[in-house]
Each structure stands twice: as C-alpha cells, then as structure tokens.
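Dropping the structure in here first, questions after.
When a ligand or atom number is given, it counts from 1 through the structure's own listing order.
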Amino acid sequence: KQAKLIVDKEYIISEIDSRIYGNFVEHLGRCVYEGVYEPDHPSADEHGYRSDVIELVKQLNVPIIRYPGGNFVSGYNWEDGIGPIEQRPRRLELAWRTIETNEIGTNEFVTWAKKVGAEVNMAVNLGTRGVDAARNMVEYCNHPSGSYWSDLRISHGYKDPHGIKTWCLGNEMDGPWQIGHKTAEEYGRAACEAAKAMKWVDPSIELVACGSSSSRMRTFAEWEATVLDHTYDHVDYISLHTYFGNAEDDTTNYLAKSLEMDHFIKSVAAICDYIQAKKRSKKKLMLSFDEWNVWYHSRQNDQKLAPWTVAPPQLEDVYNFEDALLVGLMLITLMKNADRVKIACMAQLINVIAPIMTSKGGGAWKQTIFYPYMHASVFGRGTALQTLVKSPKYDSKDFTDVPLLDSVAVYSEEREELTIFAVNRDMQEALLLEGDLRQFEGYRLVEHIVLAHDDLKAVNTELAPDNVKPSSDGNAELEDGKLTARLGKLSWNVIRLA
Ligand code: AHR
C-alpha cells in the first residue's frame with residue numbers, strides 16, 4: 001500500500017503553543033506520594049522528592065503541570081496544604097475515598113515543578129468552595145507582599161510570589177460524580193464571579209472554564225454554550241477531557257478513536273465561535289485539553305481497593321504497545337489543532353494513568369506511552385504545517401474513512417528543522433510513503449525513529465523496562481526534497497530533517 005504526503009512551508013496551521021505538551025499531577029493514588037514525594041527513597045533529595053522521577057520528567061520536557069486535581073480539587077481546602085507540615089490535617093478525601101495527609105501542598109508542589117522546569121496550571125475548588133477561597137489563593141500565590149495572604153506566604157518561607165499564570169475554575173463540574181456538582185447555569189454563574197475576583201487580585205492571570213468531562217456527556221454542547229454565555233468575557237480557555245480504552249479488544253476501531261478527539265475539538269471550537277458571534281465579541285476563545293489519555297486497564301482492580309488508606313495503587317494502568325500508538329495519534333491530533341488548542345495536559349504524570357511508574361523504595365521506569373509523548377514534546381516545537389495526506393482508508397465498528405496514515409509536520413524556522421510525525425494504522429502491511437517536501441531541498445535526514453513491536457499487548461515493567469522502546473533504525477531517505485520511507489505495519493514514526 002502507498003501513501004503520499006505534501007508538506008509546504010507556507011501552509012501554516014499555527015505556531016504550536018508548547019503548553020500542549022503539558023501534564024497533570026493530582027492528589028490521587030501514588031501520583032504525589034511515592035511518585036513526586038517519597039522521603040525514605042534512596043534517591044530522595046533534601047525535600048524528599050524522588051530524583052529518579054525528576055530525571056524522567058525532565059526527559060519529557062514538560063512545560064506546564066495541572067495541579068492538584070481533578071476530582072480531588074472539588075473537595076480540597078487549599079489552606080490545609082500550607083504552613084508547618086506537622087500541623088496539617090489528615091482529611092477524608094471523598095473523591096477517591098482515601099486519606100489525604102497534606103504533606104505536600106501548594107508551596108511544595110511549586111518547588112517541585114520548578115525542579116522539573118515546568119510552570120503550574122493551578123486549579124481552584126468550585127465544588128465545596130467558591131469566590132472567597134479562590135481569590136484568597138491567588139493572593140497567597142501571586143501577590144508580592146503587604147496583605148494578609150501574601151504575608152502569610154512570606155512567613156511560610158516563600159518570599160517571592162509564585163507568579164502562577166494559568167488557573168482552572170474547578171474541575172468537571174458537569175459530572176454527577178463531582179463533589180459539589182452543578183448545573184450549567186449554577187456553574188456558569190459561580191465561575192463568572194470567581195473569575196472576576198481572581199482577576200481583580202491579579203489581572204495578569206489566565207483562566208480556564210470547565211467544559212464537559214467528555215463529549216459523551218448528555219449535557220455536552222449545551223453545557224459549553226451556557227457556561228460560556230456566563231463567562232465568555234472573563235475567561236481565556238474552555239476545557240476538554242477525553243479518555244479512550246480498548247476493552248472490546250478491537251484494535252482497528254481503537255486506533256480510530258483519535259478521530260473522535262478531533263471531532264470533539266472542532267465541535268467545542270464551533271460552540272466558542274457561536275458564543276463569540278452571539279456576544280459580538282472580538283475575543284476568540286482558545287481550548288485547554290487539560291485531561292487526555294488512555295484509561296481502562298485498571299478500572300476493575302480499583303473497585304477492589306479498600307477505602308481510607310494513604311496513597312493506594314489507584315488507576316495504575318499498565319500500558320501496552322497499541323496504547324502507545326493511540327497516544328501518538330492523539331498527540332498528532334493536538335498538533336493538527338494547534339490553532340485552537342493552546343494548552344493540553346496528558347492525565348497523569350506518575351503512577352496514575354501515567355507515562356512514568358515507580359515502585360516504593362525501588363525503581364522508576366518508562367511505560368510504552370512515554371515515548372510518543374517525549375518525541376512530540378521534544379521535537380514537536382515550532383509551527384504546525386497543514387500536511388496534505390493521501391492515504392488508503394478503512395471502516396471500523398464506529399468510524400468510516402479512517403486514513404491508514406495519520407501525520408503532521410512541525411517546522412522550526414529558527415532551528416531549521418522539519419519533523420514529520422506519522423502513524424501507520426494498518427494491522428497487516430507496511431505503507432510506502434512518498435513525501436513531496438519541495439521547499440526543503442537542502443535538508444538532510446537526521447534520524448528516523450520508529451516505535452514498533454510484534455506484540456500489540458507488550459508492556460514495560462520494573463523487571464523488563466525496555467521491552468517496548470524506540471529505535472533509530474527507520475529507513476527514510478531524502479533526495480532533492482523527495483522523501484521515501486517504508487512505515488512498518490502498526491508503527492509510530494518520527495522523521496527528523498534539518
Ligand atoms: O484523571 C483522573 C480523573 O479523571 C480526574 O480526577 C477527573 O477530572 C477525571 O474524571
């Protein structure tokens with residue numbers, strides 16, 4: 001089978017906002033405790049942070065990390081996590097039915113985020129709390145000094161304000177599982193008032209309103225329209241969340257699910273534009289896809305866990321090779337929508353539906369999904385180009401006209417680099433790729449990275465951490481602006497040219 005690709009410097013989608021390679025750390029399971037923080041671990045630094053984990057996070061080059069939830073944030077008193085650690089309360093955490101010790105709170109997380117080189121995307125509680133707690137938190141984090149909350153931060157040892165720029169107005173408030181769940185009207189009003197007060201404290205911040213927790217919610221679309229009717233003038237982004245799984249073990253259908261993500265993005269952008277038109281506004285609202293990933297492997301196990309323990313092994317999906325392919329396809333989808341998606345956070349970073357796993361007192365290793373994420377984050381910075389793809393197509397259970405080849409090109413004028421990300425969805429055959437890169441004639445091939453495996457269900461574990469890993473043995477060739485490559489069946493490819 002053959003596929004064609006045309007890449008043209010002039011066909012620009014948008015400059016990619018590097019924050020689309022963001023991630024998410026929630027007080028959930030072993031993400032914070034035993035992931036970020038394990039003071040007794042041999043690699044723990046002076047703060048108790050695992051330095052083996054920090055090294056892996058740095059390899060991912062994560063620009064922004066959403067914190068502290070997720071469902072957790074809707075019952076969180078942020079004041080529990082500041083001040084002397086020995087005085088912090090142990091709380092019943094209702095979202096995940098655990099005990100929260102509050103050893104890690106805002107300041108500790110900001111310190112850790114600095115160590116991994118990421119900015120913080122802070123979420124406020126609009127479930128059990130409201131305007132007052134939200135504006136106080138902005139004052140505590142961002143006001144320089146001379147007020148109650150900023151001086152309290154200074155007394156806690158943090159003289160300089162944290163300068164947190166991006167804030168989420170609650171989490172998944174459309175979901176009945178959410179603590180303090182609201183109707184669109186109720187949430188729209190609460191978010192609008194919180195947004196105003198937060199920006200009055202610090203006008204430089206940017207705010208994310210909650211969209212639907214998935215496009216399959218009964219209230220989807222109506223929720224976005226109502227919430228934006230209330231908040232449009234006061235917020236900068238609306239959020240999207242999506243998780244996919246392959247419980248029915250239908251790989252061709254599974255790998256087509258990135259098309260659903262694409263459709264979701266385009267639908268939410270259309271709703272934003274409808275509200276913009278309705279309000280005769282000059283402002284174009286952008287999207288924050290602040291939870292996305294594969295999540296299904298651990299669901300049964302989680303139902304067996306006893307409640308009210310500290311850091312139980314929740315949502316510990318062990319990802320296989322086909323999951324890595326879908327994650328690659330989801331990343332390509334985000335890049336292709338770089339004109340509207342300005343922030344995206346893979347959910348989550350460590351142990352909980354995560355690219356990085358740890359064992360208590362033991363090692364830290366890379367799951368299969370680590371690799372496409374790292375490649376996109378490291379090599380996918382620059383301008384997303386409208387890549388013309390001509391590919392054979394297939395139909396699956398839920399999708400029609402699924403292209404076997406999905407691809408996007410990212411061009412960095414500054415570094416004089418062109419990177420082509422490509423997935424061959426074909427279960428049986430390689431795709432012979434022909435690329436017309438006429439404006440890149442002087443370029444040469446730097447490397448053709450391939451992630452492939454004979455076993456779709458192959459995983460990485462602590463004992464076999466390198467079972468699924470990429471190699472640089474792809475066969476791409478470039479001559480006079482003509483690219484040729486054989487993309488193996490079911491493979492993730494990164495073709496780097498400079
Ligand atoms: O990421 C796991 C959970 O998924 C988050 O807490 C919640 O926002 C979503 O339902």
Side-chain angles (χ1 to χ4, degrees), residues 22-33 35-36 62 64-76 78 93-98 100 104 109 121-128 166-182 187 191 208-220 223 227 237-245 261 264 287-303 305 307 311-319 323 327 330 343-357 367 369 373:
N23 212 298
F24 176 29
V25 165
E26 177 167 4
H27 281 249
L28 197 188
R30 300 189 308 118
C31 188
V32 171
Y33 306 110
V36 168
V62 184
I64 187 165
I65 305 180
R66 185 165 174 252
Y67 174 85
N71 296 340
F72 170 82
V73 81
S74 299
Y76 183 50
W78 68 271
E93 200 290 285
L94 300 188
W96 302 104
R97 297 175 66 75
T98 61
E100 173 55 52
I104 295 290
F109 186 73
N121 176 6
M122 185 67 81
V124 297
N125 175 356
L126 291 188
T128 60
T166 317
W167 295 75
C168 300
L169 295 163
N171 175 70
E172 294 190 348
M173 298 309 303
D174 62 324
W177 59 87
Q178 206 66 212
I179 309 168
H181 160 60
K182 292 178 173 43
Y187 172 70
V208 186
C210 286
S212 295
S213 37
S214 102
S215 59
R216 295 173 185 197
M217 293 298 287
R218 200 179 40 81
T219 48
F220 168 59
W223 171 276
V227 166
Y237 310 89
I238 185 148
S239 73
L240 298 83
H241 291 182
T242 285
Y243 296 98
F244 294 128
M261 184 188 200
F264 187 21
L287 312 188
S288 172
F289 214 124
D290 55 29
E291 286 188 32
W292 68 269
N293 205 347
V294 169
W295 173 15
Y296 78 105
H297 297 284
S298 58
R299 289 198 190 253
Q300 275 181 351
N301 188 55
D302 285 349
Q303 283 161 14
L305 295 171
Q314 291 168 315
L315 281 66
E316 299 209 356
D317 272 38
V318 177
Y319 290 117
D323 299 328
V327 162
M330 293 174 89
I343 304 173
C345 304
M346 176 189 259
Q348 304 188 6
L349 189 55
I350 315 154
N351 291 328
V352 172
I353 42 173
I356 297 170
M357 292 298 289
Q367 294 235 55
I369 63 168
Y373 178 37

(request) Under the side-chain hydrogen bond (donor to acceptor under 3.5 Å, both in side chains) rule, collect the residues that match up with Tyr296, sequence neighbours excluded. (result) none
(request) On the 0 to 90° scale, with breaks at 30° and 60°, tag the Tyr187-Trp223 ring pair as parallel, tilted or perpendicular. (result) parallel
(message) Ignoring hydrogens and geometry beyond distance, is a side-chain donor-acceptor pair present between Asn71 and Gln178 at under 3.5 Å?
(response) yes
(message) Residues around ligand 1, heavy atom under 4.0 Å from any ligand atom, sorted by chain and number. Can you pull those?
(response) Phe24, Glu26, Gly70, Asn71, Trp96, Asn171, Glu172, Tyr243, Glu291, Trp295, Leu315, Gln348, Ile353
(request) With sequence neighbours excluded, give me every salt bridge (Lys or Arg N to Asp or Glu O under 4.0 Å) pair touching residues 292-303. (result) none
(message) Just to verify, what does Pro307 make a side-chain contact (heavy atoms from CB on, under 4.5 Å) with, not counting sequence neighbours?
(response) Arg97
(request) May I ask you to check whether His27 and Tyr67 place their ring centers less than 6.0 Å from one another? (result) yes
